There are 2 protein chains.
Amino acid sequence: MSGSFRKVLDLSSGDSQNAGIKPITFVRQVIAGCTYPRILQGDNLPPDARLRAQKLLSHFDGGSIGSYTESCGMTYVRNTIAKFISLRDGGVWSCPEQVFITVDIQRALMVMLRLLCPSEGVSAVMIPDPAPHTLARLLERMDVVPVTYQLQEQSGWSVEKMELNRAIQVSRGQCFPRAIYITNPGNPTGHVQSRESIQGVIRFAAEEQLFLLVYQDSVFADGSEFLSYKRVLVEMGEPYSDRVQLASMHSLSNGIMGECGFRMGYMELVNVDEAVMLYTEVLLTGDLCPPVIGQIALDVMADPPRPGEPSYSLYTQEVASRRMTLKHNMSRAVEFINDLPGFSCQSVQSGIFIYPHLTLPHTALTHSQSVGLLYSRSLLKDQGVCVGFSEDHTHSQSCCHLRMCVLMPSDELEEALRRLRCFHFQFLKKYCDPGESLNEPQQSV
Amino acid sequence: MSGSFRKVLDLSSGDSQNAGIKPITFVRQVIAGCTYPRILQGDNLPPDARLRAQKLLSHFDGGSIGSYTESCGMTYVRNTIAKFISLRDGGVWSCPEQVFITVDIQRALMVMLRLLCPSEGVSAVMIPDPAPHTLARLLERMDVVPVTYQLQEQSGWSVEKMELNRAIQVSRGQCFPRAIYITNPGNPTGHVQSRESIQGVIRFAAEEQLFLLVYQDSVFADGSEFLSYKRVLVEMGEPYSDRVQLASMHSLSNGIMGECGFRMGYMELVNVDEAVMLYTEVLLTGDLCPPVIGQIALDVMADPPRPGEPSYSLYTQEVASRRMTLKHNMSRAVEFINDLPGFSCQSVQSGIFIYPHLTLPHTALTHSQSVGLLYSRSLLKDQGVCVGFSEDHTHSQSCCHLRMCVLMPSDELEEALRRLRCFHFQFLKKYCDPGESLNEPQQSV
């Protein structure tokens with residue numbers, strides 16, 4: 001194995017701008033205008049970016065982004081987001097006072113866990129497996145026990161009611177589940193839940209009196225309709241629509257914006273008591289206010305240029321190009337990976353990750369207790385490709401899943417795939433028993 | 001009382017840009033350039049701002065501020081800060097690996113409390129009275145008990161060894177003090193500790209095995225030398241210099257920058273075990289990374305334009321003007337307030353607040369359990385001037401302290417003072433027994 005490569009390609013984190021995807025121009029123009037208002041004079045920026053910056057500045061105290069804002073985010077931006085949610089959900093009402101802007105959704109989730117999980121007793125949250133890779137650590141920090149429910153890979157990572165029941169039964173007597181955490185679309189699995197599937201989870205939450213913590217983001221794939229939990233909940237009617245409590249979270253880091261560095265997100269609380277909302281506000285007051293730049297970016301995300309405005313054409317072109325790149329990369333990567341011996345990858349409906357299953361002969365395990373660690377470390381060392389991984393101990397062979405972000409320029413993806421193939425065959429040669437054939441792609445289940 | 005005023009003047013929060021102080025141009029230019037690199041072409045920005053933006057961009061992954069940075073902040077910026085600290089401390093070595101960049105110092109303090117205060121037993125932190133107004137709430141959120149030591153107003157808010165001993169003795173058997181929190185310069189009192197005073201606190205921390213949590217900021221007043229705890233500690237030599245553990249915190253919100261909206265700060269850890277520093281990093285990894293815009297501003301704060309560079313002249317002029325305004329406002333406000341019956345205000349050496357003591361006849365208390373609340377609420381309602389307050393129950397009369405930020409354009413300050421005087425005499429007339437004379441300024445002690 002060589003170890004000679006030009007640069008490291010990081011597919012592990014979902015950081016699209018690091019991978020070479022350009023930011024959306026309009027958001028950067030508005031931020032630059034708000035930051036250094038002198039460039040609003042002259043023709044540095046298109047007129048609608050100038051206007052937006054001036055409008056936003058007029059809502060900052062002292063007319064400057066250097067001032068504190070309200071602790072839950074600027075009223076103006078919370079209004080914009082509420083309108084955006086309502087539009088997304090086919091007109092279902094969204095109240096600005098129920099929208100809380102936070103320094104990314106980690107913070108929103110911390111606040112919710114603090115509210116939901118009293119320090120007496122062992123509080124737990126049901127979480128999917130697989131889940132976003134930062135989730136387990138966050139629960140640990142908050143002294144909250146995870147109760148894991150398995151997503152069903154063979155049926156496209158579906159959430160099964162039977163599995164939810166099994167998981168909560170197992171937890172009885174050991175801990176007190178307060179909430180169920182969902183990502184829809186799935187992170188890192190990319191599955192999108194149907195209305196029926198969402199309804200099933202809502203009914204389960206109602207039966208078990210669990211708070212719904214939902215992380216949702218924009219959907220990329222053609223033909224997969226995005227339904228928010230909020231909308232499905234409202235449309236289910238009573239007794240669900242006015243009782244099941246929900247926090248729906250959204251981040252600037254993923255989706256169309258991909259502005260990871262700004263650290264910004266929001267959550268909408270539904271059916272939550274006013275006193276609890278007030279306490280949410282009190283907890284957020286401790287942070288003084290969310291960073292202003294991210295709030296500006298949220299405003300643009302929720303209210304992008306409209307048809308007829310000068311920046312509309314460039315904005316739609318940039319968004320379309322990003323979606324096209326992602327769609328192309330998704331199918332290319334899934335096809336490529338499924339051609340490699342030992343790999344099996346579900347087709348992906350949304351999100352920015354693929355999550356292939358890798359089966360290696362048992363002999364690979366004699367070299368490491370963790371085949372995922374061995375494989376991903378060697379891949380980074382030998383070919384400079386960084387991927388995430390999760391172990392899989394449910395099979396008789398050495399198995400793991402790899403997490404790979406594919407939102408990057410297509411030529412970068414090609415380079416990453418080329419290196420992966422090169423590495424993969426060398427790895428098989430080195431670690432796997434030549435007696436065991438892996439020339440044909442293996443199905444993991 | 002009238003209640004007719006043009007706009008609310010908020011002196012409570014220390015938000016200088018809200019009050020009308022302009023931001024430092026260079027920092028805004030560099031951020032705008034990093035955000036929307038197209039304006040780096042042409043002559044929108046001076047050459048040194050362009051260069052700085054290009055240099056910073058070259059250190060971001062993918063050349064974009066939309067990417068994640070390292071969890072403790074960019075290595076490049078941590079280096080800049082370490083050099084800045086070393087320069088501030090007369091050459092005392094500062095190691096970039098010991099500098100942690102966080103989303104403001106609330107977050108840094110939360111991480112330190114998490115490290116220092118185990119969940120078993122009742123952990124406590126010694127805090128001054130008065131203290132920054134956000135401190136008590138933060139301790140409460142972290143389930144940490146405050147052990148209060150009183151600053152001595154009559155001797156310019158000094159920290160007295162005897163009082164520290166008294167406070168820790170009282171706490172025995174009730175809780176376990178793990179750390180002592182200091183603000184130097186004092187917030188909101190504006191006192192600056194001498195070398196001897198700092199040495200006294202360090203010896204006390206060593207004797208009681210307390211971790212030092214120090215919040216320090218730039219110093220404005222003439223003739224008051226700023227000595228950092230770090231420098232004094234190192235210069236004390238053994239057994240202190242290599243043993244007493246210290247976290248020194250600094251924020252972008254106060255001081256020269258006054259960029260409250262960016263939510264950014266850093267801390268330097270001294271004499272802290274490597275394993276603990278690693279765990280600090282692990283805790284911060286949960287936040288993924290600090291917001292990028294604040295990191296850029298920190299870089300500029302720590303390494304401003306130098307003599308001979310194009311922006312040097314404007315930068316020094318802006319800083320000087322801010323200092324001059326502050327100096328002028330400080331003496332003007334202290335003098336003005338001391339002329340009002342019932343008020344007594346210590347002269348202030350640093351910071352952005354004045355913290356006058358207000359003594360009212362006992363009759364005022366018949367109208368409210370809290371004279372501070374009654375006074376500040378009425379002031380806001382009648383004259384639109386918002387100030388902070390703390391109760392003072394140590395006197396036989398109705399007493400409180402007001403917290404008033406004076407970093408604002410001087411004409412705004414004049415307007416606030418005018419309204420305060422107008423309100424004050426009406427308040428006395430309404431609430432105070434005409435038999436008790438308050439025509440002469442009262443000394444509070």
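If you're wondering where the values come from, they're calculated on a predicted model, not measured in any experiment. The sequence lines fix the lettering, A, B, ..., with proteins before strands; numbering per chain opens at 1.
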### Query
Out of A:Val27, A:Leu252, A:Leu283, A:Thr69, which one racks up the most heavy-atom pairs below 4.5 Å with chain B?
A:Leu283
### Summary
Taking every heavy atom of A:Ser12 against every heavy atom of A:His133, the minimum-distance pair comes out as O-CE1, 4.5 Å
#### Entry: Engaged part of B:Thr134 at the chain A interface, taking heavy atoms whose separation is under 4.5 Å
side chain
### Query
Is A:Leu109 close to A:Ile105 at the side-chain level, that is, under 4.5 Å between some pair of heavy atoms?
no
### Query
Between OH of A:Tyr68 and CD of B:Gln17, what distance do you get to the nearest 0.5 Å?
11.0 Å
### Query
So which part of A:Thr285 gets closer than 4.5 Å to some heavy atom of chain B, the side chain, the backbone, both or neither?
both
## Note on the structure
Whatever's closer than 4.5 Å to a heavy atom in chain B on A:Ile65 counts as both
### Task
Please determine, among B:Asn44, B:Leu45, B:Leu138, B:Ile31, the option with the most heavy-atom pairs under 4.5 Å with chain A.
B:Asn44
### Query
Charged N to carboxylate O below 4.0 Å: is that the case for B:Lys7 and B:Glu415?
no
### Query
Do A:Ser13 and A:Asp15 meet the criterion of a side-chain donor-acceptor pair at a distance under 3.5 Å?
no
### Message
Counting heavy-atom pairs under 4.5 Å with chain A, which one of B:Gln29, B:Met110, B:Arg137 comes out on top?
### Response
B:Gln29
### Query
Which region of A:Arg263, side chain (C-beta onward) or backbone (N, CA, C, O), has a non-hydrogen atom less than 4.5 Å from a non-hydrogen atom of chain B, or is it both or neither?
side chain
### Summary
Most heavy-atom pairs under 4.5 Å with chain A, out of B:Ala19, B:Gly66, B:Gly62, belong to B:Gly66
### Task
Examine whether an atom of A:Gln41 lies under 4.5 Å from a heavy atom of chain B, and if so say whether it belongs to the side chain, the backbone or both; otherwise answer neither.
neither
### Message
Please identify, among A:Gln295, A:Glu259, A:Met264, the residue contributing the most non-hydrogen atom pairs under 4.5 Å to chain B.
### Response
A:Glu259
### Query
Checking B:Arg114 side chain against A:Arg141 main chain: does a donor-acceptor pair fall under 3.5 Å?
yes
## Note on the structure
On a heavy-atom basis, the closest approach of B:Gly14 and B:Cys260 is O-SG, 4.1 Å
#### Entry: Which atoms of A:Gln106 approach chain B - backbone, side chain, both or neither, heavy atom under 4.5 Å
side chain
### Task
Indicate whether any N or O donor in one side chain lies under 3.5 Å from an N or O acceptor in the other, for A:Glu281 and A:Ser71.
no
### Query
If you count heavy-atom pairs under 4.5 Å with chain A, which of B:Pro37, B:Ser253, B:Pro291 comes out on top?
B:Pro291
### Task
Determine, for A:Phe100 and A:Arg107, whether the Lys NZ or Arg CZ falls below 6.0 Å from the six-membered ring centre while staying within 45 degrees of the axis.
no
### Largest heavy-atom contact set with chain B, pairs under 4.5 Å, which of A:Gly20, A:Gly63, A:Cys289
A:Cys289
